Amino acid sequence: MAKTSTRGPARPKTTTVKIHDQTMQRGEGGELHQIADDDAPLLTTAQGGPVSDDQNSLRVGPRGPLVVDDFHFREKMFHFDHERIPERVVHARGYGAHGYFETYESLADYTKADLFQRAGEKTEAFVRFSTVAGNKGSADLARDVRGFAVKLYTKEGNWDLVGNNIPVFFIQDAIKFPDLIHAAKQEPDRAFPQAQTAHDTFWDFISLTPESMNMVMWIMSDRTIPRSFRFMEGFGVHTFRFVNAKDESTFVKFHWKPKLGLQSVAWNEAVKINGADPDFHRRDLWQSIQSGNFPEWELQVQLFDQEFADSFDFDVLDPTKIIPEEILAPVAIGRLVLDRMPDNFFAETEQVAFMTQNVPPGIDFSNDPLLQGRNFSYLDTQLKRLGGPNFTHLPINAPRCPFATFQQDGHMAMRNPVGRANYQPNSFGEGPRESPTRGFRHYPAEEEGTKARLRPESFADHYSQARQFYLSQTPPEQRHIAAALTFELSKVETPVIRERMVAHLLNIDETLAKTVAEKLGFQSMPKPADAAMPTRQDLEPAPSLSIVEQGPQRFEGRKLGILVTDGVDAKHLKALIAAIKKDKAVFELIAPKVGGVKASDGSWIEVHHMIDGGPSVLFDAVALLTSADAMDDLVKEATARDFVADAFQHCKFIGYDQSAMPLLEKAGIAEALDEGVIALSGKDGMDAFLSSLGKLRVWGREPSIKQGKTSAAK
Ligand code: HDE
């Protein structure tokens, strides 16, 4: 029988090493140990037990088996194996930030909601932006609707305004939502494509759902490829009610307007951004908040009564329709500022639970069947995702106002009521009480009718607003819609689905339908789709529907990419950077090597990216501050040529130092220079470049690029 030693095993021999400014222990196997000292806290298990060694699991002999009484290993692995929770069934990919909402003026005439009673009142907020179809790890610039979900922690409980960046929706009845989402997400047999609608099942469903045609125009527009969350509008979509202290109701539609104006990217650019930086939108929000450039939106409301609602042919309860802002001007009632990133993505952004049914007294629902279906659905999804009924105990979901319920127990209960009476009424004088005056009272709408499954006739006009949206776009935006439809339908393998879509387009705009049919290579045009109601031809175009019309006319909040080389004129660079900062914009430097460049005055300039890592798609405009000496090498770099060619193709403003001319030539644009390619020579050149930047894009360049009018294409 082997002798058992009464002594413990010999302690492994360790040596002390210095790595940068950290003192560590190197174990016998070469592994590094960070040992607790007065400055660093002691590592423990989740039960609080102190841990002696987190690098090596417990084993018998140096090369022997692991042993099961290693409770530290077991607990660490157990927890790791359970780190994931189900991703959201829709809107899985998202990013959030904290901030506040500030009320402009009292809205007491319209609503008794406490947050709208006092001018200057600030209410804590959390906002989560998202894409709809893609999985949690999908790229940010998928063509998709963006979620714009706002949680306001009011003094009368949480108000969740769970909206999108598009004011209409695909369907009119919540019962169709599972079908829509099944069709949009990856196909069930092959599990692709994810995060895109360019596939058969989506367009099959859409082409058989005429009520989605208005939304189709919106999703094929550049609204679904936003440049930044910061440059997007948000919409409550449905008609809600404000209810005042006299129990009078006013219909209300909510619109978030970005202070920095609207902006989207080009489709070819979006595709490349997804490769260059799949976290483009996350990084953008992170960087702007961390650097103190807090994004801001104004909350505007369209207010109307039943009589006004009745003046339309369409129904204000139909979420596929808008009331154009030109017909009913929105009123600004407050502003939302995002000024703090979460400390922890999972704890806050992933675990935040939005629910449309969270409304404070003074805000109520209309009979929009989509909204009412949502009010029913959102609670289930939180239970599934967060694992139990106590998700309101999580700090991100807990109200900030005092609250008291008789709810108890359940998974992970962290907050159980004290005392004997856990019910009411009770004889012990314990626990919270209801209040007929301060409590939420549902608006006493009078309803009547026969119980039936039906769609009202007032929901039957599927094309008029789709046409109005299309006709409200500027020519480049109309081109983008045609191109997007062509691209998406070109990915549809079943010809009859393509034809059915073009048949719908014929009811929207004949030129659009013909353009798409021609680009798809149709041999003949289909007949227009059978329409429940004819398309109205008399709806006035509404400029508020165009992104370009609402452009900011300034470069604030945008990013200039400055390509520099050794020998860059230091004074010139400094002047450009100062001017960009003055415009409240930001810049990043790109160079052949990430270590930096030596400027003309001998100073060393550190840069943000090497050219491969900082392609021009990541910037709103670019400047080429080069030197003649560096040009020989630079023109040989394919990525440097792409940097310029892409910026040109994506209709960006390009400022260049004369030394960069050979690069423009190699990029194939030297002979196609237009008003967007500006020589930075002298103060005049610099001023011309800077004052152009606010236009953001030279869309007028686009047709000539499409026709290949660059020297490279000749
Ligand atoms: Fe949602 N939706 N939705 N939705 N929705 C969810 O809730 C649902 C709809 C929207 O950042 C889910 O917590 C139904 C319209 C946003 O966490 C789920 C219907 C609009 C977010 C759900 C709709 C939205 C969601 C999935 C049809 C724009 C992300 C995870 C009646 C006005 C919120 C979750 C976040 C999330 C159901 C339609 C916006 C399953 C049944 C219309 C921004 O409950």
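Given the structure is predicted, the values throughout are model-derived calculations rather than measurements. Indexing begins at 1, ligand by ligand and atom by atom, following the structure's order.
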- Please walk me through it: do E211 and T320 pass side chain to side chain donor-acceptor pair (under 3.5 Å)? CA-CA 7 Å; E211 73 211 53; T320 69; over 6 Å; no
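Put simply, the side chain of H281 does not reach to within 4.5 Å of the side chain of M232, judged on heavy atoms. The shortest distance between side-chain heavy atoms of V316 and F308 does not fall below 4.5 Å. Side chains of P361 and K112 form a contact here, defined as non-hydrogen atoms less than 4.5 Å apart. With contacts defined as side-chain heavy-atom distances shorter than 4.5 Å, the pair R146/D144 qualifies.
The A174 neighbourhood of ligand 1 comprises atoms 31 (C), with distances under 4.0 Å to a heavy atom of that residue. Proximity to V89 (heavy-atom distance under 4.0 Å) selects the following atoms of ligand 1: 40 (C). Contact atoms of ligand 1 toward L370: 27 (C), 31 (C), 42 (C) (distance under 4.0 Å to a heavy atom of the residue). Counting atoms of ligand 1 from 1 in the listed order, those under 4.0 Å from a heavy atom of F354 are 11 (O), 17 (O), 33 (C), 35 (C).
In terms of protein heavy atoms, atom 7 (O) of ligand 1 is closest to T381 CG2, 3.3 Å. For atom 43 (C) of ligand 1, the closest heavy atom belonging to the protein is G163 O, 3.2 Å. With respect to atom 13 (O) of ligand 1, the closest heavy atom belonging to the protein is Q382 NE2, 2.9 Å. Here the heavy atom of the protein found nearest to atom 30 (C) of ligand 1 is R88 CG, 3.5 Å. In this structure, the protein non-hydrogen atom closest to atom 28 (C) of ligand 1 is N164 ND2, 3.1 Å.
An N or O contact shorter than 3.5 Å is missing between R385 and ligand 1 by distance. The shortest N or O to N or O distance between R128 and ligand 1 is under 3.5 Å.
When each of Y443, F312, F304, F365 is checked for a ring pair (Phe, Tyr, Trp, His ring centres under 6.0 Å) with F251, only F304 meets the rule. Exactly one of F101, F235, Y100, F129 qualifies for a ring pair (Phe, Tyr, Trp, His ring centres under 6.0 Å) with W297. That residue is F129.
Residue contacts with ligand 1, taken as heavy atom pairs separated by less than 4.0 Å, do not involve M355 at all. Only the side chain of V237 comes within 4.0 Å of ligand 1, counting heavy atoms alone; its backbone N, CA, C and O stay farther away.
Excluding waters, the set of protein N/O/S atoms under 2.8 Å from atom 1 (Fe) of ligand 1 reads Y378 OH.
You'll find the ring centres of Y110 and F242 outside the 6.0 Å limit. Separation of the F240 and W159 ring centroids does not fall under the 6.0 Å cut-off.
Not a single donor-acceptor pair under 3.5 Å links the side chain of H255 to the backbone N or O of E233. A donor-acceptor pair under 3.5 Å is formed between the side chain of R282 and the backbone N or O of G94. In this structure a side-chain-to-backbone donor-acceptor pair under 3.5 Å is missing from E83 to H79.
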